[in-house]
Amino acid sequence: MKRTIVKVKKRERRRKSSPRRISKRQLGPYALDVYSRLRGAHPDAHCELDHETPLQLLMATILSAQCTDKRVNMVTPLLFQTFPTAASLAGAQQEKLEEMIKSTGFFRNKAKSLIGLGKALVERHGGEVPDTMDLLVRLPGVGRKTANVILGNAFGKNEGVVVDTHVERITRLLRLTRQKEPVKIERSLMKIVPREEWTLFPHLLIHHGRAICVANRPKCAECAISDLCPSSSV
């Protein structure tokens, strides 16, 4: 009898520890389930970079590289007041701008990118931020991720999915993708997440990653999707 009980307990432990497998056919409905649960758990998820205009968001996003949104939001009020237009940014003194954004890290490169951005906007777009992926990624300091941020949050255009470190980490934990490169992760997510949710979905994942699915110390017992997640410890 004791041996039988021990064997049953071992089988139960193996069942609990084995990760949930999700087939390609199940990915779409599974992604929608994850999205729905996260939206219910984090109803206030949004772009956390303070801004009022596309230019302000673009400037803030460039500063956010290797820096927290909280720190960027501490720097941008004075930055936006000092350089309210692309033309004023284009004429900024490198040293003055560096000092203003120093606390965000990599301030020399960021200052150079911001000044180059101002000049490019003035010369190519009449001082306005363009609203297409093709034109945005040609601007200094702007890659696909930054362009997605601007298009989705400043212009309401779902052209792609923002993939930052939280999105990359959590989508792999959820087995929504097996890809490791941001561009490939984005492509895989675009196939299974409805286009109208491309902007909000990464905000939900980012918020979830900061509040619940914290790297190295996830709060699985408090997670709204723990029963869905193949990596859950619960």
Side-chain angles (χ1 to χ4, degrees), residues 11-49 61 64-65 69 132-134 136-137 143-234:
R11 282 198 297 269
E12 288 179 351
R13 280 199 297 270
R14 281 198 296 269
R15 241 189 333 259
K16 289 179 181 178
S17 62
S18 59
R20 177 187 173 190
R21 292 184 179 181
I22 303 162
S23 68
K24 288 185 178 180
R25 185 176 297 178
Q26 295 173 316
L27 272 177
Y30 171 60
L32 280 176
D33 203 355
V34 168
Y35 170 82
S36 179
R37 298 266 198 105
L38 289 180
R39 188 165 187 177
H42 309 293
D44 298 324
H46 62 284
C47 178
E48 295 190 2
L49 290 171
T61 305
S64 71
D69 292 350
T132 67
M133 176 68 71
D134 183 55
L136 279 168
V137 295
R144 184 173 176 86
K145 183 176 78 171
T146 296
N148 276 328
V149 172
I150 306 308
L151 290 171
N153 297 282
F155 295 111
K157 292 187 174 185
N158 291 299
E159 296 297 330
V161 179
V162 172
V163 178
D164 75 342
T165 53
H166 289 294
V167 175
E168 180 177 347
R169 176 174 60 84
I170 296 175
T171 52
R172 286 177 56 79
L173 287 173
L174 288 168
R175 306 293 193 272
L176 287 170
T177 182
R178 296 181 181 277
Q179 301 297 335
K180 297 181 180 180
E181 299 175 16
V183 172
K184 292 182 178 180
I185 292 173
E186 180 188 2
R187 287 174 184 165
S188 62
L189 293 177
M190 288 167 69
K191 292 178 181 178
I192 59 175
V193 177
R195 183 168 189 146
E196 61 268 23
E197 313 301 349
W198 285 356
T199 297
L200 182 57
F201 190 55
H203 289 316
L204 293 170
L205 292 172
I206 292 168
H207 194 90
H208 191 66
R210 290 171 176 167
I212 302 296
C213 194
V214 184
N216 299 322
R217 45 190 176 88
K219 304 172 185 177
C220 294
E222 302 174 31
C223 181
I225 54 175
S226 61
D227 60 316
L228 297 177
C229 180
S231 304
S232 175
S233 63
V234 177

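The shortest heavy-atom contact between His208 and Cys223 is NE2-SG, 3.4 Å. For the residue pair Ser231 and Leu173, the shortest heavy atom distance occurs at OG-O, 2.7 Å. Closest non-hydrogen pair, Val163 versus Lys145, comes out as O-CD, 3.3 Å. Nearest heavy atom pair, residue Val137 against residue Ala147, reads CG1-CB, 4.0 Å. In this structure, Val214 and Arg210 approach most closely via the heavy-atom pair CG2-O, 3.8 Å. Counting all heavy atoms, side chain and backbone alike, Leu151 lies closest to Thr132 at CD2-N, 3.9 Å.
Side-chain contact check for Leu136 versus Thr146: every heavy-atom pair is 4.5 Å or farther apart. For the pair Arg169 and Thr165, the minimum side-chain heavy-atom distance is 4.5 Å or more. Within the 4.5 Å cutoff, no side-chain heavy atoms of Val193 are placed close to those of Val161. Contact annotation: the side chain of His166 never approaches that of Glu168 to less than 4.5 Å [non-hydrogen atoms, C-beta and beyond]. Leu32 has its side chain within reach of Pro194: a pair of non-hydrogen atoms, C-beta onward, lies under 4.5 Å apart. Using a 4.5 Å heavy-atom cutoff, the side chains of His42 and Ile212 are in contact. For the pair Glu197/Leu204, no side-chain contact is recorded, criterion being any heavy-atom separation below 4.5 Å from C-beta on. In this structure the side chain of Leu174 reaches within 4.5 angstrom of the side chain of Tyr30, judged on heavy atoms.
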Check against side-chain contact (heavy atoms from CB on, under 4.5 Å), Ile150 and Thr61: CA-CA 8 Å; Ile150 306 308; Thr61 305; 4.0 Å; yes

Assess the residue pair Asn153 and His203 against the criterion (side-chain contact (heavy atoms from CB on, under 4.5 Å)); give the C-alpha distance rounded to whole Å, side-chain angles, the decisive distance to 0.1 Å, and a yes or no. CA-CA 10 Å; Asn153 297 282; His203 289 316; 2.8 Å; yes

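Note that CZ of Arg172 and OG of Ser188 are 10.0 Å apart. Values are rounded to the nearest 0.5 Å. Atom CG of Leu176 and atom CD1 of Ile170 lie 10.5 Å apart (nearest 0.5 Å). Here the NE2 atom belonging to His46 is positioned 9.0 Å from the NE2 atom belonging to His207, to the nearest 0.5 angstrom. A distance of 8.0 Å separates OG1 in Thr199 from CG in Asn148, rounded to the nearest 0.5 Å. Distance check, rounded to the nearest 0.5 Å: CD1 of Ile192 to CZ of Phe201 gives 7.0 Å. The distance from atom SG of Cys220 to atom CG of Asp227, rounded to the nearest 0.5 Å, is 11.5 Å.
Of the possible polar contacts, none joining the Trp198 side chain to the Glu159 backbone as a donor-acceptor pair under 3.5 Å is found. For the pair Tyr35 (side chain) and Leu200 (backbone), a donor-acceptor distance under 3.5 Å is absent. Remark: the backbone N or O of Asp33 is not paired with any side-chain donor or acceptor of Ser36 at under 3.5 angstrom.
Between the side chains of Arg187 and Thr177, no donor N or O sits under 3.5 Å from an acceptor N or O.
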